[in-house]
Number of protein chains: 4
Amino acid sequence: MQMTKSESAPAPASARPSSEAPARAKIREAAAGLFCATGYEGTSVATIAGQAGVTKAAVFYHYGSKEQLFDEVLDGYYERQRELFTEAVAGEGDPRARMHRVVDVYFRYLVDNRRYLMLVISVLASDSPHSENIQKSVTPLVEWLRQEVAGAVPEEGPSSIEHLYVTVAGAINHYFSHARTLEDIFRGPMMSEEALAERAAHLHWLVDAIFARIATDADANAK
Amino acid sequence: MQMTKSESAPAPASARPSSEAPARAKIREAAAGLFCATGYEGTSVATIAGQAGVTKAAVFYHYGSKEQLFDEVLDGYYERQRELFTEAVAGEGDPRARMHRVVDVYFRYLVDNRRYLMLVISVLASDSPHSENIQKSVTPLVEWLRQEVAGAVPEEGPSSIEHLYVTVAGAINHYFSHARTLEDIFRGPMMSEEALAERAAHLHWLVDAIFARIATDADANAK
Amino acid sequence: MQMTKSESAPAPASARPSSEAPARAKIREAAAGLFCATGYEGTSVATIAGQAGVTKAAVFYHYGSKEQLFDEVLDGYYERQRELFTEAVAGEGDPRARMHRVVDVYFRYLVDNRRYLMLVISVLASDSPHSENIQKSVTPLVEWLRQEVAGAVPEEGPSSIEHLYVTVAGAINHYFSHARTLEDIFRGPMMSEEALAERAAHLHWLVDAIFARIATDADANAK
Amino acid sequence: MQMTKSESAPAPASARPSSEAPARAKIREAAAGLFCATGYEGTSVATIAGQAGVTKAAVFYHYGSKEQLFDEVLDGYYERQRELFTEAVAGEGDPRARMHRVVDVYFRYLVDNRRYLMLVISVLASDSPHSENIQKSVTPLVEWLRQEVAGAVPEEGPSSIEHLYVTVAGAINHYFSHARTLEDIFRGPMMSEEALAERAAHLHWLVDAIFARIATDADANAK
DNA sequence: TATGAATGAGTCTTCATTCAT
DNA sequence: CATGAATGAAGACTCATTCAT
């Protein structure tokens, strides 16, 4: 996996109290990178330890088990994501403007944490119990969205907020999760600033298209 | 990945006639299920053999290696997908109608082969060389789409066919790939016929919204 | 632990069908020796494999786990023991004579399988679930004894068959189980043929003393 | 086993005054319980520390090594046992009466310290050097017994004091050491006061049976 | 006086793969 | 055609022990 952005920079997602033992942080960062690149099963504790520059035993000393280490890596991802969404929500504006802001936040987050997306995806692909962990983050977001657009979006049916969420989230994710298979189609690098800006523009365009359509539907119903 | 086919292998990898040794088929089916459920690394040859009711050695006798078996499973998925798209393409109608048809075909395909989607996803999540395999299937589809909607869709920019493809594909996939995390949001089972029908309706609604917006854009540009 | 008797001779307890894979037998014999000498926890699979002249993986191939291997070793011990007792029971004579015969059989068995006694003891010392295994062998023996001496021994109270069994079994076992701490007291080797003969004579003397006392008690009661 | 006492150890191994650091005592007590329940190999320093509510490092600080801790636990057992026997010996009466007293003392001791018996047994079962430690306690006891019953018991042969000691010790021990396998045979709990009283009565009955037989033998010899 | 952090050696176990039969 | 037996390498994890602070 190629990282357009800095490889060694401590990922935002893993920012932790500075009082943390340095070895602990090094282990988590190494683990994050490896879990994202090769998945849970594909990553061995020995490799993590090697990458972190500590002994295998140190990994177990600090995290107890491979599974717990994985959990903490995953938690860090969602913790940061929740923080960002909370900030994004704080602002003002009509539903469409808020939707744009949420889309931007999530899009930017994925730009910086593309590798984590792979982690999430690999968790969902296997039927591991970690997916509950992920669910805990998704549900509140959609519930919040439901409130934000209440009135502007039908409560039920094919254009309800659930469907819109899935569609927009899919639209954002897919660009990153399937990047490797799309390189031929998008001529030029998909992670360049220009390409990313264009994709962001598309997402705004998409949100507008959706809201326009909802408005049209409402008009038709009103008649 | 090199396919150093063992000399004594009983059948060419790509031919899968009904005369195929029954053990071979049973192994491939068991492998498909297990690879989808627990990924490549998470599935052991012993488990596959057990599920297929054959010995471990038989797996190697028929498929040479775990990798080759995996390749054949993956190939089978894309082979069928390609067949379906070819059929879907054959029909007539305006770009929007064709788009609806393609969406329907892919959607229905995922309904029947949801587990394979997980397989594809797990391949993409890890940086395994199998993703090339997947790319080979995606590129022709988009190129075909490009021709089909030529004229109706801008050639460049945020509403170009590449972006539309990613968005629609993402919208279709996400419903299935993230189903486990979305169950709370969609009250009731997501894979019931009603729920699937509603999702299909949403996808049509989405395609219409997109085409409507493109038309609006074209009008604005024309002025 | 010093073995007065042949060290390499296949122990009677491990006699198995000759169709058994030779490696399997070698592993079990090595395991038996080591488990007896150093206990379950104190014996590593690597050591067993080394002693048996096979690889570690072979041990798991043949026995699945360390625990299952241990079970089979233990089973072998009790299987043989049960066979011997069944033979001993078959004969005729009054209760005292039968008791003598059972004592002789068990005593001789311990002479040949002293190391197994250590195994049993180490199982009882830890609160492992293997002790159930042992119980299954003890209960039927006592029940049989109860029938054999019915009428000759009180059904209840301090001289009932349960107590006699415990006492005689303890008298037999202790000589072997505590041999290491008794060497100073018995001047000369405790496992020499003379020493063993003397101990056997003592056990007969003990049985006679017990039966004599039971007779005395019965006379006293009768009055 | 070498006792390379670490220079900074806070207290001599044998002195155990009430002024002892409370952590030290807590560690020893936790260790005693665990060693008895799961044996030396089966007990980890981490578990001991956890049970004692101290850190692993504290165990090493106070006891230097796992072996030394084990030694002290074992020493404590025999120290108390020696004290009890010394008291029991102090009284008067004929050999038979003294024998009864010694049996009672040892029996009562085991009732209170059953778990230690398991410890001793597990030591004997493995060929660890700790068994020398045990021997040091047994030899003096038998030598004292030899003097006490001098004249009343043959000096040699099957009814000599060595054999009687082994038999009686075995009779006492077996009830406790094999309790788990005997529960089916003794209906009702083996460690209830009634059951224990009955077992004690049996032991007295046994001693009487033995002395009666010795008297009979002496009469026969005298003739 | 006490401990948090660290570790090298070892634990049991699983793995994909080979090969004589 | 198929497999039982075997294995070297690697898997996650535990252990008693040390040491700077």
Side-chain angles (χ1 to χ4, degrees), chain A residues 20-24 27 40-49 53-70, chain B residues 6 8-10 21-24 27 40-49 54-70, chain C residues 20-24 27 40-49 53-70, chain D residues 6 8-11 21 23-24 27 40-49 54-70:
Chain A
E20 184 181 27
R24 233 187 100 89
I27 291 167
Y40 181 80
E41 308 275 3
T43 304
S44 84
V45 175
T47 311
I48 295 170
V54 302
T55 60
K56 240 188 310 174
V59 175
F60 288 96
Y61 172 71
H62 284 291
Y63 289 92
S65 75
K66 187 186 174 184
E67 185 113 11
Q68 281 173 56
L69 171 53
F70 186 74
Chain B
S6 59
S8 61
R24 237 189 94 89
I27 291 167
Y40 181 80
E41 307 277 1
T43 303
S44 82
V45 175
T47 311
I48 294 169
V54 303
T55 61
K56 237 192 311 178
V59 174
F60 286 91
Y61 173 72
H62 284 293
Y63 287 92
S65 77
K66 189 187 174 185
E67 284 253 1
Q68 281 174 53
L69 172 54
F70 185 73
Chain C
E20 184 182 26
R24 234 188 99 90
I27 291 167
Y40 181 79
E41 309 276 3
T43 304
S44 84
V45 175
T47 311
I48 295 170
V54 302
T55 61
K56 240 188 310 174
V59 175
F60 287 94
Y61 172 71
H62 284 291
Y63 289 93
S65 75
K66 187 186 174 185
E67 185 114 10
Q68 281 173 56
L69 171 53
F70 186 74
Chain D
S6 60
S8 60
R24 237 188 95 88
I27 292 167
Y40 181 80
E41 307 277 1
T43 303
S44 82
V45 175
T47 310
I48 294 170
V54 303
T55 62
K56 236 190 315 176
V59 174
F60 286 90
Y61 173 71
H62 284 293
Y63 287 93
S65 79
K66 189 187 173 184
E67 284 253 1
Q68 282 174 53
L69 172 54
F70 185 73

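Sequence lines set the chain letters: A, B, ... in the order given, protein chains first and strands last, and positions in each chain run from 1. Remember, predicted model here, so these are calculated numbers, not experimental data. Basis for what follows: all heavy atoms, side chains included, without hydrogens, waters or symmetry-related copies.
For the side chain to side chain donor-acceptor pair (under 3.5 Å) test, residues two or more places apart in sequence or in another chain that qualify with A/Tyr63 are A/Arg28. Applying the side-chain contact (heavy atoms from CB on, under 4.5 Å) test to C/Glu67 and every residue at least two apart in sequence or in another chain returns C/Tyr40, C/Ser65, C/His130. Annotation: side-chain contact (heavy atoms from CB on, under 4.5 Å) contacts of D/Ala57 (sequence neighbours excluded): D/Thr55.
Place D/Val54 and C/Thr47 on DNA chain E by their nearest nucleotides, and D/Val54 ends up nearer the 5' end.
For E/dA5, the OP1/OP2 oxygens have a side-chain nitrogen or oxygen of A/Tyr61 closer than 4.0 Å. Between D/His62 and the phosphate of E/dT1, there is no side-chain N or O to OP1/OP2 separation shorter than 4.0 Å.
The two residues D/Val59 and D/Ile27 make their nearest non-hydrogen contact at CA-CD1, 4.0 Å.
B/Arg24 has its CZ atom 12 Å from the P atom of F/dA2, to the nearest Å. If you measure from atom CD1 of C/Ile48 to atom P of E/dT11, you get 11 Å, rounded to the nearest angstrom. Atom CD of A/Gln68 is separated from atom C1' of F/dC13 by 12 Å (rounded to the nearest Å). Atoms CD1 (C/Ile27) and P (F/dA5) sit 11 Å apart, rounded to a whole Å. Note: CG (C/Leu69) to P (E/dT13) measures 10 Å, nearest angstrom.
Interatomic distance, NZ of A/Lys66 versus NZ of A/Lys56, reported as 12.5 Å (0.5 Å rounding). Here B/His62 contributes atom NE2 and B/Leu69 contributes atom CG; the two are 11.5 Å apart, rounded to the nearest 0.5 Å.
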Notebook entry, point to check: When Watson-Crick pairs (N1 to N3 and N6-O4 or O6-N4) and G-U wobble pairs (N1-O2 and O6-N3) count only below 3.5 Å on both distances, what is the dot-bracket string of DNA chain F, with | for other-strand pairs?
Noted result: .||||||||||||||||||||

Margin query: Protein within reach of the bases, or only the backbone? For nucleotides 16-21 of chain E, mark each nucleotide 5' to 3' as B, S or -, using heavy atoms under 4.0 Å.
Written below: BBB---

